[in-house]
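Hydrogens, waters and symmetry mates play no part in the numbers below; they use all other heavy atoms, side chains included.
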Amino acid sequence: MSRAYDFLKDCNFYYILTVDGDYPAGRPISGILEADGVMYFGTRTDKAFYSQLTQNPHVGLVAFNKGRWLRFYADVEETHDPSIREKYLIRLTAELKRFGSSDNPLLAVFAMHIVKAELHTGENSEYITEEEK
């Protein structure tokens, strides 16, 4: 697993930042799947969040836990891969209850392709990438 994912799974929630017109928009989320070295998150297709992601695929993510914080920038891409959608719902049981099945048209799952990631621990910071296992 990537260091970014390892950090996130210990957090209760984190914020994904999108662009909403001329201003940033932040959304707390609490569930990310990592499969085959790629991180995925989901939302509903009828939400403003979904529209913002499809209009501008550049996002930021910020998380804080135990005096350390993670920030990364990523490009997102919606996936229609049935196996990834199914893994996402199995990993996040609350989402399975909400959507019922992976073929629900309201479910949108996005892959995050990390461009730059920074892990900050006190006065130290380091750049990490999703390729690190």
Side-chain angles (χ1 to χ4, degrees):
M1 288 187 209
S2 73
R3 291 177 66 201
Y5 181 73
D6 287 343
F7 184 90
L8 292 174
K9 69 181 183 176
D10 288 336
C11 297
N12 291 328
F13 65 92
Y14 21 88
Y15 293 92
I16 290 185
L17 308 168
T18 59
V19 176
D20 183 14
D22 293 333
Y23 296 95
R27 298 209 172 48
I29 64 168
S30 61
I32 287 184
L33 163 74
E34 184 176 64
D36 302 322
V38 177
M39 287 191 283
Y40 299 88
F41 68 93
T43 188
R44 292 174 55 100
T45 58
D46 60 352
K47 298 277 189 175
F49 185 30
Y50 176 80
S51 295
Q52 291 159 11
L53 293 167
T54 57
Q55 290 173 20
N56 185 338
H58 307 299
V59 301
L61 183 142
V62 178
F64 182 82
N65 192 28
K66 299 177 185 170
R68 303 178 313 145
W69 59 279
L70 171 72
R71 172 177 54 205
F72 69 70
Y73 305 100
D75 295 323
V76 299
E77 175 182 25
E78 187 173 3
T79 181
H80 299 282
D81 180 332
S83 67
I84 294 296
R85 293 167 62 90
E86 187 68 28
K87 286 177 187 177
Y88 176 76
L89 291 180
I90 290 169
R91 162 78 173 80
L92 304 162
T93 55
E95 296 291 276
L96 179 57
K97 290 176 185 174
R98 189 163 69 152
F99 290 105
S101 73
S102 62
D103 60 355
N104 185 329
L106 290 175
L107 173 64
V109 177
F110 287 86
M112 288 190 286
H113 305 288
I114 296 176
V115 175
K116 177 180 163 184
E118 305 166 42
L119 181 60
H120 298 268
T121 55
E123 294 181 17
N124 300 318
S125 63
E126 61 181 300
Y127 292 100
I128 60 175
T129 64
E130 69 175 344
E131 288 81 26
E132 293 183 271
K133 305 280 184 206

Notebook entry, point to check: Can you get from Y15 to L70 by hopping between Ile, Leu, Val, Met, Phe, Trp and Tyr side chains that sit under 4.5 Å apart?
Noted result: no
Item checked: Connected via hydrophobic side-chain network under 4.5 Å: F41 and I114 -> yes
Margin query: Side chains of Y5 and L33, heavy atoms from C-beta outward: is any pair under 4.5 Å?
Written below: no
Next item on the list: Identify the heavy atoms of A108 and R85 that sit nearest to each other, and give their distance.
Entry: CA-NH1, 4.3 Å
Check: Does the side chain of D75 come within less than 4.5 Å of H58's, by heavy atoms?
Finding: yes
Next item on the list: Provide the closest heavy-atom pair for W69 versus F7 in the form atom of the first, atom of the second, distance.
Entry: CA-CZ, 3.9 Å
Next item on the list: First locate atom OG1 of T18, then atom CG of N56, and finally report the distance between them rounded to the nearest 0.5 Å.
Entry: 8.5 Å
Margin query: Applying side chain to side chain contact (heavy atoms under 4.5 Å, CB included) to K87 and E34, what does each step give before you reach the verdict?
Written below: CA-CA 9 Å; K87 286 177 187 177; E34 184 176 64; over 6 Å; no
Checklist line | Spatial distance of atom NZ (K47) from atom CG (L53) [nearest 0.5 Å] | finding: 13.0 Å
Checklist line | CA sep, side-chain torsions, deciding dist, call: D81, T79, side chain to side chain donor-acceptor pair (under 3.5 Å) | finding: CA-CA 6 Å; D81 180 332; T79 181; 5.1 Å; no
Notebook entry, point to check: Just wondering, do E77 and P57 contact through their side chains at under 4.5 Å, heavy atoms?
Noted result: no
Checklist line | Whether over 12 other heavy atoms sit under 6.0 Å from N12 CG | finding: no
Next item on the list: Go through the structure and list residues passing salt bridge (charged side-chain N to carboxylate O under 4.0 Å, His left out) with R71, not counting sequence neighbours.
Entry: E118
Next item on the list: Check the hydrophobic clustering (I, L, V, M, F, W, Y; side-chain heavy atoms under 4.5 Å; chains of links allowed) and say if F64 and L61 are grouped together.
Entry: no
Item checked: Joint hydrophobic cluster, L106 plus V109, side-chain heavy atoms closer than 4.5 Å -> yes
Checklist line | Separation of T121 OG1 from R68 CZ (nearest 0.5 Å) | finding: 7.0 Å
Item checked: Closest heavy-atom pair and its distance - M39, L8 -> SD-CD1, 4.0 Å
Notebook entry, point to check: Does one side chain, of E78 or T54, offer a donor that lies under 3.5 Å from an acceptor on the other?
Noted result: no
Check: What about the rings of Y88 and Y40, do their centers lie closer together than 6.0 Å?
Finding: no
Checklist line | Check: D103/S101 side-chain N/O donor and acceptor closer than 3.5 Å | finding: yes
Checklist line | Closest non-hydrogen atom pair between K9 and D6, with its separation | finding: CG-O, 3.4 Å
Notebook entry, point to check: Given a cutoff of under 4.5 Å between side-chain heavy atoms of I, L, V, M, F, W and Y, with clusters grown through shared members, what are the other residues clustered with V19?
Noted result: none
Margin query: How long is the straight-line distance from CD1 of I84 back to CG of D36, given to the nearest 0.5 Å?
Written below: 6.0 Å
Next item on the list: Ignoring hydrogens and angles, tell me if any N or O in the side chain of D20 forms a donor-acceptor pair with the backbone of A25 under 3.5 Å.
Entry: no
Note to self: Using every non-hydrogen atom in the two residues, find where F49 and T43 come nearest and quote the distance to one decimal.
What the structure shows: CD2-OG1, 3.3 Å
Next item on the list: Tell me, with the steps shown, if R98 and N104 meet side chain to side chain contact (heavy atoms under 4.5 Å, CB included).
Entry: CA-CA 10 Å; R98 189 163 69 152; N104 185 329; over 6 Å; no
Note to self: Quick check for you: to the nearest 0.5 Å, what is the distance between T45 atom OG1 and L107 atom CG?
What the structure shows: 8.5 Å
Notebook entry, point to check: Which atoms form the tightest heavy-atom contact between G26 and L17, and what is the distance?
Noted result: CA-CD2, 3.5 Å
Notebook entry, point to check: Could you walk me through whether Y14 and I32 pass the side chain to side chain contact (heavy atoms under 4.5 Å, CB included) check?
Noted result: CA-CA 10 Å; Y14 21 88; I32 287 184; 3.5 Å; yes
Next item on the list: Could you pull out all residues at least two apart from R91 that satisfy salt bridge (charged side-chain N to carboxylate O under 4.0 Å, His left out)?
Entry: none
Check: Is there a chain of hydrophobic side chains (I, L, V, M, F, W, Y, each step under 4.5 Å between heavy atoms) that links F110 to I29?
Finding: yes
